[in-house]
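One structure is given below, encoded as structure tokens.
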There are 2 protein chains.
Amino acid sequence: MTLPEDDLQPAPSRRELNKAATRQAISAAVLTAIRVQGPGNFTVEDIAQAAGISRRTFFNYFSSTEDALSAITIGFLDNVLQQFRLRPAGEPVLESAQAALMSLADPMTIAPLAELFGIVSEHPGLLRTELEAWDQCTEQIIQAVSERVATGHAQPLDDLHVRALGGSLMACGKAAMDVWFARCGKDFSRDSLSTLRGLLIESMHLLDTGFAVPERHATLP
Amino acid sequence: MTLPEDDLQPAPSRRELNKAATRQAISAAVLTAIRVQGPGNFTVEDIAQAAGISRRTFFNYFSSTEDALSAITIGFLDNVLQQFRLRPAGEPVLESAQAALMSLADPMTIAPLAELFGIVSEHPGLLRTELEAWDQCTEQIIQAVSERVATGHAQPLDDLHVRALGGSLMACGKAAMDVWFARCGKDFSRDSLSTLRGLLIESMHLLDTGFAVPERHATLP
DNA sequence: TACACTACGTGCAAGTTTGCACTCTGCGCA
DNA sequence: TGCGCAGAGTGCAAACTTGCACGTAGTGTA
């Protein structure tokens with residue numbers, strides 16, 4: 001009963017599935033622990049138990065609970081970048097970015113990220129960790145963009161171009177989350193998360209059009 | 001946050017928990033596959049996938065899907081016998097049996113067993129396997145009773161006594177399931193399963209009172 | 001009948017999880 | 001200050017899971 005498998009990914013092995021499941025179980029457990037008990041009021045032992053693994057295994061995956069928290073953000077970006085890399089090499093970067101976000105079929109994929117965002121806003125002590133994660137994400141975006149422009153263009157773009165673009169992408173993502181959070185608060189429903197995804201795409205689009213004000217140049221022929 | 005732990009069991013290790021979870025995931029997957037696709041219309045590969053493990057791991061646990069089915073019945077009995085063995089050594093066997101069944105706090109524990117019972121009734125080809133499981137259960141009951149009377153009595157009971165008692169216990173259990181199934185059909189709700197547990201206990205009680213007809217000797221002083 | 005194909009069942013080596021025994025650090029308390 | 005203790009991390013061996021390769025058996029097909 002194997003599906004036709006329209007995609008070209010070679011179907012993740014059981015090993016990979018298990019690891020991914022464990023990673024996300026740990027991250028989810030940390031998120032819950034922070035929500036319920038507050039940051040610093042739980043032990044690695046607690047997390048391991050909630051995630052259904054041993055304490056030792058926790059440390060096989062993460063070096064600290066903060067690390068596990070970062071993984072939520074970085075993990076989400078990984079998914080998006082994976083989609084990004086599947087886009088044709090010749091496609092403009094900003095179009096690929098929007099397409100990658102759109103291809104996240106299930107908007108619930110963003111749920112942990114969104115919840116983390118809300119939690120960080122309540123516990124400023126976590127901001128340091130979150131900023132670190134974003135910084136890592138930025139570097140990964142830059143890396144991905146860099147790979148893209150190396151293959152898809154006649155002459156490779158210079159470093160400033162690539163890094164500015166990467167940084168802006170990340171900044172747009174953050175802006176989208178800020179706006180979403182201000183607008184929807186802690187609503188993690190499917191609809192709300194769909195809105196968030198829409199905002200993310202919209203922010204990329206703004207970047208794409210050079211933040212042009214719609215009224216001035218409505219359309220180009 | 002460790003609870004007082006009123007019981008004397010040494011808290012199962014993570015390894016034991018993992019194994020138990022895998023065993024039951026496999027059995028549940030087989031049950032579902034039979035219900036949905038019918039016996040023989042699925043592969044070990046399907047089961048492994050549904051249970052979230054590799055095909056090889058399936059065979060680490062069971063030698064066949066039938067084996068996994070037997071495990072449902074035998075596993076339930078194991079739980080009951082575990083409670084049985086916790087009863088004081090001096091307590092009469094039939095009282096312990098009733099107490100063991102009563103100490104199954106959650107009647108939902110019986111759910112897989114009950115569902116299996118229903119499925120077997122629809123697929124007589126599975127009966128052979130089920131009977132085999134019951135036979136194994138009978139032997140285990142006899143074993144447990146045998147251990148009990150060896151420690152709790154002045155002189156050990158003879159083989160006939162022990163084996164007849166064990167066999168009768170199993171027969172009563174089966175009778176209770178027959179009656180429950182005739183009465184409740186495929187209702188696996190908490191209430192219905194509570195009824196089943198009641199019938200099981202009642203059948204043990206009948207055995208305990210020598211199947212006395214209530215009207216004749218109502219009560220003894 | 002011969003052949004391809006699918007699924008079963010098993011041996012083995014490599015990858016992963018776990019228990020345990022440390023060391024180290026921070027904290028409360030006498 | 002010194003002591004005890006709880007929790008973070010880490011090294012290691014044993015237990016467990018997985019992928020893979022193999023041999024077997026049944027089934028459909030030319």
Side-chain angles (χ1 to χ4, degrees), chain A residues 1-5 9-30 33-34 36-71 125-126 128-129 132, chain B residues 1-5 9-30 33-34 36-71 125-126 128-129 132:
Chain A
M1 248 258 190
T2 335
L3 297 179
E5 290 292 346
Q9 286 118 239
S13 71
R14 180 42 57 198
R15 277 206 160 104
E16 292 174 272
L17 290 173
N18 289 351
K19 295 226 269 186
T22 300
R23 284 188 85 76
Q24 92 84 32
I26 294 174
S27 291
V30 173
I34 290 180
V36 174
Q37 304 170 270
N41 296 333
F42 53 88
T43 68
V44 170
E45 178 74 46
D46 298 333
I47 298 303
Q49 189 163 333
I53 56 165
S54 71
R55 197 177 73 98
R56 191 61 183 82
T57 300
F58 174 93
F59 287 111
N60 288 349
Y61 281 83
F62 300 109
S63 61
S64 65
T65 52
E66 297 194 346
D67 197 3
L69 225 44
S70 302
L126 298 173
R128 194 184 77 24
T129 307
E132 223 162 45
Chain B
M1 246 249 187
T2 335
L3 296 178
E5 292 291 345
Q9 287 119 238
S13 71
R14 179 47 53 199
R15 274 206 162 105
E16 291 174 272
L17 290 173
N18 289 350
K19 295 226 269 185
T22 301
R23 284 187 84 78
Q24 93 84 32
I26 294 173
S27 291
V30 172
I34 291 180
V36 174
Q37 304 171 268
N41 296 333
F42 54 87
T43 68
V44 170
E45 179 74 46
D46 298 333
I47 299 303
Q49 190 164 333
I53 54 165
S54 71
R55 197 178 73 98
R56 191 62 184 80
T57 300
F58 174 94
F59 287 111
N60 287 350
Y61 280 84
F62 300 110
S63 61
S64 66
T65 52
E66 297 194 345
D67 198 2
L69 224 44
S70 302
L126 298 173
R128 192 184 89 359
T129 306
E132 224 162 45

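None of the values given here were measured: they were computed from a predicted structure. Order of the sequence lines sets the chain letters (A, B, ...), proteins ahead of strands, with each chain counted from 1.
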Check every strand shown and say whether B:Tyr61 touches a base, only sugar-phosphate, or nothing at a heavy-atom separation below 4.0 Å. sugar-phosphate
Rounded to the nearest 0.5 Å, how far apart are CD1 of A:Ile34 and CG of A:Asn41? 10.0 Å
Partner residues of A:Ala25 under the side chain to side chain contact (heavy atoms under 4.5 Å, CB included) criterion, sequence neighbours left out: A:Ala51
Okay, side chain of A:Ser64, backbone of A:Asp67: is any donor-acceptor separation there less than 3.5 Å? yes
Hits for side chain to side chain contact (heavy atoms under 4.5 Å, CB included) against A:Ala50, two or more places apart or cross-chain, chain-then-number order -> A:Ala29
Taking atom C1' of C:dA7 as reference, at what distance in whole Å does atom CD1 of B:Ile47 sit? 13 Å
By the 4.0 Å heavy-atom rule, please label A:Thr57 as base, sugar-phosphate, or nothing. base
For A:Phe58 and A:Val44, which heavy atoms make the closest approach, and how far apart are they? CD2-CG1, 3.5 Å
Can you check the B:Ile53 CD1 to C:dT16 P distance for me, whole Å? 18 Å
Write down the protein N/O and nucleotide N/O pairs, taken from nucleotides 19-23 of chain C, whose separation is under 3.5 Å; answer none if there are no such pairs.
unit_1: C:dG19; atom_1: OP1; unit_2: B:Arg14; atom_2: N; d: 2.9
unit_1: C:dG19; atom_1: OP1; unit_2: B:Arg15; atom_2: N; d: 3.4

Pairs in or reaching into residues 17-28 of chain B: which pass side-chain hydrogen bond (donor to acceptor under 3.5 Å, both in side chains), with residues at least two apart or in two chains? B:Arg14-B:Asn18
The answer to which of A:Ser63 and B:Lys19 contacts DNA chain D further toward the 5' end, by nearest nucleotide, is A:Ser63
Does B:Asn18 put a side-chain nitrogen or oxygen below 4.0 Å from OP1 or OP2 of C:dT17? no
So, using side chain to side chain contact (heavy atoms under 4.5 Å, CB included) as the criterion, who are the partners of B:Ala33 when residues are at least two apart? B:Gln37, B:Phe42, B:Ile47
Min and max contacting nt of DNA chain D in 5' to 3' order, chain B heavy atoms within under 4.0 angstrom, are D:dA14 to D:dA21
Whether the side chain of A:Ser63 engages the backbone of A:Phe59 through a donor-acceptor N/O pair (distance < 3.5 Å, no angle test) should be reported. no
